[in-house]
*Asks:* 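Okay, handing you the structure first.
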Amino acid sequence: MPADPENAIRDFLGAVQSNDLATMANIWGSARGPASSYMKRPELEQRLSVIRAYLVHESYEVLPPGFGAAPSPQQRELSVRLTRRGCRPTVPFTLRRYGDGWLITSIDLAAAGNPARACRP
């Protein structure tokens, strides 16, 4: 399990690029743990395939945390700027501490934009 939130995102997006659903399932989950430990395989694969379709990218940048309230020791929100076919959407990720590592618990896929459509000017 990734030791910090940024590495969790890096590992997850690396798995997106290599179509490694097993790794994605071990980094994405909820307070119950990695999705691989509690979701049925067909549903898990379907969800991860959709997530992957939205997050496939040419490159990405994990943005520095925003200003405002101090982050919780158990939860972090980070944004990632994806580059995909000329588009550069900023996608918010929510992560939660789990054991000695971090899990991605939420990804705002709507912010990624429809991967089948061209960018809006």
*Asks:* According to the side-chain hydrogen bond (donor to acceptor under 3.5 Å, both in side chains) rule, which pairs have a member within residues 24-41, sequence neighbours left out?
*Replies:*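 Every pair satisfying side-chain hydrogen bond (donor to acceptor under 3.5 Å, both in side chains) with a residue in residues 24-41: Asn26-Ser36, Ser30-Tyr38, Arg41-Glu45.
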*Asks:* In Å, rounded to the nearest 0.5 Å, how long is the span from CG of Leu48 to CD1 of Ile51?
*Replies:*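 The CG atom of Leu48 sits 5.5 Å away from the CD1 atom of Ile51.
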*Asks:* Under the ring pair (Phe, Tyr, Trp, His ring centres under 6.0 Å) rule, collect the residues that match up with Tyr60, sequence neighbours excluded.
*Replies:* His57
*Asks:* What about Val62 and Met24, same hydrophobic cluster or not, with Ile/Leu/Val/Met/Phe/Trp/Tyr joined at side-chain heavy-atom distances under 4.5 Å?
*Replies:* yes
*Asks:* May I ask whether Met1 and Phe12 are part of the same hydrophobic cluster, defined by side-chain heavy atoms of I, L, V, M, F, W, Y residues being less than 4.5 angstrom apart, directly or through others?
*Replies:*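 Shared cluster, no.
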*Asks:* Are Leu21 and Leu44 linked, directly or through other ILVMFWY residues, by side chains that come within less than 4.5 angstrom of each other?
*Replies:*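 In one cluster with Leu21: Leu44, yes.
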*Asks:* Which pair of heavy atoms, one from Ala112 and one from Arg84, lies closest together, and at what distance?
*Replies:* O-NH2, 2.6 Å
*Asks:* Counting only pairs under 3.5 Å, give me each side-chain donor-acceptor contact of residues 85-107, with atom names and distances, residues two or more places apart or in other chains.
*Replies:*
| unit_1 | atom_1 | unit_2 | atom_2 | d |
| --- | --- | --- | --- | --- |
| Arg85 | NH2 | Pro115 | O | 2.1 |
| Arg88 | NE | Thr83 | OG1 | 3.3 |
| Thr105 | OG1 | Thr94 | O | 3.2 |

*Asks:* So which heavy atom on Asp11 is nearest to which on Pro2, and how close?
*Replies:*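 In this case the closest contact between Asp11 and Pro2 is OD2-CG, 3.5 Å.
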*Asks:* Is the CD atom of Gln74 crowded by more than 12 outside heavy atoms at less than 6.0 Å?
*Replies:* yes
*Asks:* Side-chain contact, heavy-atom cut-off 4.5 Å: Arg52 with Val56?
*Replies:* yes
*Asks:* Starting from Leu55, can I reach Leu63 by hopping between I/L/V/M/F/W/Y residues whose side chains sit under 4.5 Å apart?
*Replies:* no
*Asks:* Taking the side chain as every heavy atom from C-beta outward, state whether Met39 and Arg47 have any atom pair closer than 4.5 Å.
*Replies:* yes
*Asks:* Rounded to the nearest 0.5 Å, what's the gap from CD1 on Ile27 to CD1 on Ile9? Could you check?
*Replies:* 10.5 Å
*Asks:* Is there a side-chain contact between Glu61 and Val80 (heavy atoms, below 4.5 Å)?
*Replies:* no
